[in-house]
Amino acid sequence: MCAKKIVGVLGATGSVGQRFILLLADHPDFELKVLGASPRSAGKKYVDAVNWKQTELLPEFAKNIIVTECKADAFKDCSVVFSGLDSDYAGSIEKEFKEAGLAVVSNAKNYRREVDVPLVVPIVNPEHLDLVGQKLDAAQKAGANRPGFIVCISNCSTAGLVAPLKPLVDSFGPIELLTATTLQAISGAGFSPGVSGIDVLDNIVPYIGGEEDKMEWETRKILGSLSSDNTTVVNLPDEDMKVSAQCNRVAVSDGHTECISFKFKNQPPPSLEQVKKSMQDYVCVAGKLGCHSAPKQTVHVLEQNDRPQPRLDRNRDNGYGVSVGRVREDPVLDFKMVVLSHNTVIGAAGAGILIAEILLAKNYI
Ligand SMILES: NC(=O)C1=CN([C@@H]2O[C@H](COP(=O)(O)OP(=O)(O)OC[C@H]3O[C@@H](n4cnc5c(N)ncnc54)[C@H](OP(=O)(O)O)[C@@H]3O)[C@@H](O)[C@H]2O)C=CC1
Ligand SMILES: N[C@@H](CC(=O)OP(=O)(O)O)C(=O)O
């Protein structure tokens, strides 16, 4: 059996960072050895630096790791560095890591819109990772050192949205119009400082800065394709995917719910049964590659009329699967349904880990 690859986490004390710690405990391919956070946390044992907020206990292996500052040299033995950094700091830190030849898989928004940076939801568009393969090949052919690279994970609401859309677009062609109204968990707002109790208790906050634009834009990149030479991503044109999002913060701990309606470009549309079957039958590439964290069922189509619900359904396939329910015809567009995804698993840390498993399966790390 091959030795495990050493990996690190930047932003290890945050909402996403804590989820990385949980998901990397006892991982068969990766051994988490290096934890980075702000200068406030650096130099402390992880157990003393972190304000642990997960419902599972802090894994033993992480407790005594000394948190380091986010400097590339401290991570030089890592095959992959996962980033859960605050976006105010991610830009410069991730660039330094990439320039030091490291492979960075990032949750931050900073590089998502670069045409040569893959924006990947691993259960949807892992083929965009071939941008990395192309860069590695080109460097090898030129006799250059192995280059570092950044792979971006999408916005968490966008991840939940595109998972059921992927099989629909593959089966029935473009979705011309889509509206999404989200009900987003408080863990999505991070822990420093996070959403205050007085703001969210007995309340709904109908604004999440930047979120609607991210959902409307990132969807078209993720469902887009690679250029013929695998060097850039070509976004879907506006006429093949026009998204309108309205984003709300609700008093749920984990799990983003999205009420969506959509219309296909090709008319007449498929039947309701065909739509459900296409989502239910979808098998993601990570599953076919045998990746450890790949969901057994990528999209769960629920028939009970009061599901999905965050507390009951967010952990399907350990949070790597997405649930849809209330799939029905829509009197204005073609269909409507409710989508639920775990925002810090398939929307963040879990997505990063599954991306790294795919990079490993493709020999890119
Ligand atoms: N939460 C979610 O569901 C999702 C989050 N994201 C993105 O992931 C990233 C992390 O989000 P989240 O975990 O929610 O945020 P948190 O606020 O919970 O955590 C931020 C992390 O950044 C670290 N940090 C802050 N300042 C610095 C600094 N100067 N140098 C180095 N590290 C620093 C913090 O360390 P310290 O504790 O020492 O201050 C902490 O570990 C963000 O970019 C976010 O947009 C993406 C998708 C989903
Ligand atoms: N904004 C998301 C989480 C997040 O940080 O997303 P992004 O990485 O796109 O900024 C939420 O509040 O649930």
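Basis for what follows: all heavy atoms, side chains included, without hydrogens, waters or symmetry-related copies. Just so you know, ligand 1 is whichever comes first in the structure, and atom 1 is the first atom listed for that ligand. Since we're looking at a predicted model, the values are computed, not measured.
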Check your understanding: Quick one: ring pair (Phe, Tyr, Trp, His ring centres under 6.0 Å) pairs with a partner in residues 157-183, sequence neighbours left out?
Key -> Phe172-Phe264
Considering heavy atoms of the protein only, find what lies nearest to [atom] and give residue, atom and distance to 0.1 Å.
atom	answer
atom 22 (O) of ligand 1	Asp86 N, 3.3 Å
atom 10 (C) of ligand 1	Gly84 O, 3.1 Å
atom 42 (C) of ligand 1	Leu85 O, 3.2 Å
atom 12 (O) of ligand 2	Arg249 NH2, 2.4 Å
atom 1 (N) of ligand 2	Glu211 OE1, 2.6 Å
atom 3 (O) of ligand 1	Asn343 ND2, 3.2 Å
atom 23 (C) of ligand 1	Gly11 CA, 4.2 Å

Point to revise | Under 3.5 Å: N/O of Gln184 near N/O of ligand 2 | key: yes
**Study point:** Short side-chain donor-acceptor distance under 3.5 Å, Ser244 and Thr179
**Key:** no
Review point. Would Glu258 and Thr181 count as having a side-chain donor-acceptor pair, cut-off 3.5 Å?
Key: no
Option whose closest heavy atom lies nearest to [atom], chosen from [options]:
atom	options	value
atom 46 (C) of ligand 1	Ile186, Leu35, Asn107	Asn107
atom 1 (N) of ligand 1	Gly190, Ala37, Ser187	Ser187
atom 13 (O) of ligand 1	Val16, Asn155, Ile93	Val16

Review point. Are Leu119 and Met215 linked, directly or through other ILVMFWY residues, by side chains that come within less than 4.5 angstrom of each other?
Key: yes
Check your understanding: Does ligand 2 have any atom that is closer than 4.0 Å to a heavy atom of Asn343?
Key -> no
Exercise for review: Return a yes/no value: protein heavy atom under 4.0 Å from atom 38 (O) of ligand 1?
Suggested key: yes
Review point. Could any protein non-hydrogen atom be found less than 4.0 Å from atom 44 (C) of ligand 1?
Key: no
**Study point:** Whether Arg40 lies under 4.0 Å from ligand 1, heavy atom
**Key:** yes
Exercise for review: May I ask whether Ala90 has any heavy atom positioned less than 4.0 angstrom from an atom of ligand 1?
Suggested key: no
**Study point:** Phe149: partners by ring pair (Phe, Tyr, Trp, His ring centres under 6.0 Å), with sequence neighbours left out
**Key:** none
Check your understanding: Thinking salt bridges, do Arg113 and Asp213 make one under a 4.0 Å N-O criterion?
Key -> yes
